[in-house]
Structures are given as structure tokens and as C-alpha cells.
Amino acid sequence: MRKRKPGKLFIVSGPSGSGKSTVLREVFARRTRMFFSVSATTRGPREGEKDGVDYYFVTKEEFEKMIEGGLLLEHAQYVGNYYGTPKAPVEEKLREGNDVVLDIEVQGAEQVKRKAPEAVSIFLLPPSLEELERRLRGRGTESDEKIRSRLERAASEMKLAPNYDYNVVNDNVEEAADEILRIMRRATHRR
Ligand code: ADP
Ligand code: 5GP
């Protein structure tokens with residue numbers, strides 16, 4: 001039997017509130033045969049978020065056991081919580097020939113690029129920092145203090161955008177999704 005080509009790994013980063021979840025939802029609606037890597041986190045679920053779908057919600061102790069057990073492809077601390085990518089499902093999906101999408105922050109992205117330089121990295125930018133703040137406040141999922149921490153973090157994260165293979169501005173959800181889909185098609189055809 002012919003060996004199946006491995007899948008392609010995509011990294012999507014961008015400051016909190018830039019629209020990663022919203023744009024990726026649109027991308028997945030139109031490119032269905034991809035696997036979204038569900039991360040583990042120690043932050044609590046937001047209203048409507050489901051364990052095992054949006055994240056694996058775990059305690060700090062459980063997360064640290066995952067680190068010690070070598071179960072994570074990458075992990076980082078972000079505004080007081082741990083976030084990390086379970087390694088086994090990503091490796092399995094890639095081996096089976098499925099493309100995989102990671103929605104991770106900048107430190108995690110750097111770790112993945114070091115381990116898998118062939119991964120395609122995309123940085124999603126908001127049209128401006130003012131609009132980013134409007135979106136974060138409009139989402140209404142974090143306290144004022146947490147929003148401030150996320151905005152502070154955003155300013156330094158945005159400086160790393162040039163390190164990514166592609167930068168996409170999320171002015172309009174449909175257009176940003178279109179652009180990401182074009183990047184994905186190009187990368188998978190080149191394979
Ligand atoms: P992230 O996953 O990057 O933190 P979200 O997808 O949760 O960001 O988006 C943050 C907020 O901004 C949400 O309330 C979402 O509905 C809104 N949003 C996302 N994209 C746009 C856009 N292009 N124009 C206006 N609002 C947007
Ligand atoms: P949120 O709390 O808004 O869902 O996510 C906060 C930040 O953590 C976002 O930048 C998101 O991309 C990032 N993130 C989510 N999952 C992971 C992960 O598994 N690893 C890393 N390094 N970052 C993650």
C-alpha cells in the first residue's frame with residue numbers, strides 16, 4: 001500500500017480579541033477535513049465553552065503533570081494561566097494525512113516552529129489597537145483588569161508579527177477567512 005502523505009501543520013496566533021476563534025470558525029465551516037487541536041488550559045471556562053471542545057479545562061496540578069509526562073507539544077503561561085497543546089492527537093492526525101490547526105500564542109508558536117520548521121505560521125492582526133480594545137470589551141468575557149493585562153500583552157505580541165510566514169488583518173471576518181483559506185490551499189498544494 002502507498003504511504004499516505006503527512007498532513008500540514010498550521011499555527012494561528014494573534015492578540016486576544018483579534019478574532020482568531022471567530023475567523024477560524026468560518027475557516028472550518030468551509031474547509032471541513034481539518035483537525036482543530038483542542039488545547040489544555042488552567043483558565044476557567046467562559047459561558048458557552050465546552051470541556052473537550054473549546055479546551056480541556058484542567059487544574060494547575062493536572063497541567064503540571066502533563067508537562068512532566070512530556071504530553072505537550074508546547075506550553076506557555078499567558079496572563080496568569082497555563083495553556084498547552086496535547087502532543088499525541090496532533091501527531092496522530094498529521095500521520096494520518098490530516099491537516100492540523102493550532103490556535104496558540106506567540107511563545108508556543110516559537111516552540112512549535114523550532115520543532116517543526118515546515119509548519120505554516122499565520123499572525124492575525126486587528127485593524128488597530130483601538131479596535132482590538134473595542135472587540136475585547138464588546139466580547140464581555142473578562143474583567144476590566146484582565147482586559148488591561150491582555151491589551152498590554154497584545155502590544156508586545158504584535159511586534160512579533162514579522163516573524164510569522166503570513167500576516168492577515170481581520171477587518172472583515174469573511175475576507176480574513178478567505179485569505180487564510182488561500183494560504184492553506186497554497187501550502188497543501190505545494191506539499
Ligand atoms: P480571539 O479568539 O482572537 O480572542 P474572538 O474571535 O473571540 O477573538 O473575537 C473577539 C471579539 O471580536 C468577539 O466578540 C468577536 O465577535 C469580535 N470580532 C471578531 N472579528 C471581528 C470583525 N472582523 N469585526 C468586528 N468584530 C469582530
Ligand atoms: P483565551 O484565554 O482567550 O482562550 O486564549 C488566550 C491566549 O492563549 C490566546 O492567544 C490563544 O491563542 C492562546 N492559546 C490557546 N491555546 C493555547 C495553547 O495550547 N498553547 C499556547 N501556547 N497558547 C494557547
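Note that the numbering runs from 1 along the sequence shown for the chain. Remember, it's 1-based here, ligands and their atoms both numbered in the order they're listed.
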Open item on the list: One residue to check: E49. Relative to ligand 2, which of side chain, backbone, both or neither has a non-hydrogen atom less than 4.0 Å away?
Closed with: neither

Task: Polar proximity ligand 2 side, Y55 side, N/O cut 3.5 Å exclusive - done: yes

Task: Any Q107 heavy atom less than 4.0 Å from ligand 2 - done: no

Open item on the list: Check for me whether G138 has a heavy atom closer than 4.0 Å to any atom of ligand 1.
Closed with: no

Open item on the list: Which of the numbered atoms in ligand 2 are under 4.0 angstrom from any heavy atom belonging to R43?
Closed with: 1 (P), 2 (O), 4 (O)

- [ ] Would you mind telling me if ligand 1 is within reach of the side chain of D103, the backbone, both or neither, using heavy atoms under 4.0 Å?
- [x] neither

Open item on the list: Using heavy-atom distances only, which candidate in E74, K20, E105 approaches atom 18 (C) of ligand 2 most closely?
Closed with: E74

TODO: Please state whether Q111 comes within less than 4.0 angstrom of ligand 2, counting heavy atoms only.
DONE: no

Task: Flag for Y78-Q107: side-chain donor and acceptor within less than 3.5 Å - done: no

Open item on the list: Check this for me: does any side-chain nitrogen of one of E133 and R137 sit under 4.0 Å from a carboxylate oxygen of the other?
Closed with: yes

Task: Any A176 heavy atom less than 4.0 Å to ligand 1 - done: no

TODO: Determine whether V173 and I122 fall in the same hydrophobic cluster, where Ile, Leu, Val, Met, Phe, Trp and Tyr are linked whenever their side-chain heavy atoms lie under 4.5 Å apart.
DONE: yes

Open item on the list: Any salt bridge linking K8 with E118? Criterion: basic side-chain nitrogen under 4.0 Å from a carboxylate oxygen.
Closed with: no

Open item on the list: With respect to E131, determine whether any N or O atom, backbone or side chain, lies less than 3.5 Å from an N or O atom of ligand 1.
Closed with: no

Open item on the list: Below the 3.5 angstrom mark, is there an N/O of V12, backbone or side chain, next to an N/O of ligand 2?
Closed with: no

TODO: Considering only non-hydrogen protein atoms, determine which one is nearest to atom 16 (N) of ligand 2 and report residue, atom name and distance to 0.1 Å.
DONE: S39 OG, 3.0 Å

Task: Heteroatom distance test (H75, ligand 2): nitrogen or oxygen, under 3.5 angstrom - done: no

TODO: Pick one of side chain, backbone, both or neither for how R46 approaches ligand 2, counting any non-hydrogen atom pair under 4.0 Å.
DONE: side chain

- [ ] Look at the aromatic rings of F123 and Y164 and report parallel, tilted or perpendicular, splitting at 30° and 60°.
- [x] perpendicular

Open item on the list: Tell me the contacting part of Y78 for ligand 2: side chain, backbone, both, or neither, using a 4.0 Å heavy-atom threshold, strictly below.
Closed with: side chain

Task: Lys/Arg-Asp/Glu bridge criterion (N-O < 4.0 Å) met for R148, E152 - done: no

Open item on the list: We want to know whether T41 and R43 form a side-chain donor-acceptor pair, criterion being a heavy-atom distance below 3.5 angstrom.
Closed with: no

Open item on the list: Looking at E64 and K60, is there a salt bridge between them, counting it only when a charged N and a carboxylate O are closer than 4.0 Å?
Closed with: yes

Open item on the list: Please identify which of these residues, L71, L72, N81, meets the side-chain contact (heavy atoms from CB on, under 4.5 Å) condition with F63.
Closed with: L72

- [ ] Under 4.0 Å from a heavy atom of S21: give me the atoms of ligand 1 that qualify, with their elements.
- [x] 2 (O), 6 (O)

Task: Under 3.5 Å side-chain donor-acceptor pair for T188 and R31 - done: yes

Task: Neighbour count >12 (heavy atoms, 6.0 Å) for atom NZ, K115 - done: yes

Open item on the list: Measuring from non-hydrogen atoms of R150 to any atom of ligand 2, is the shortest distance under 4.0 Å?
Closed with: yes

- [ ] Consider ligand 1: state whether an atom of it lies below 4.0 angstrom from any non-hydrogen atom of S16.
- [x] yes

Task: Per-atom contacts of ligand 1 with K20, taking only distances under 4.0 Å to non-hydrogen atoms - done: 1 (P), 2 (O), 3 (O), 4 (O), 6 (O), 8 (O)

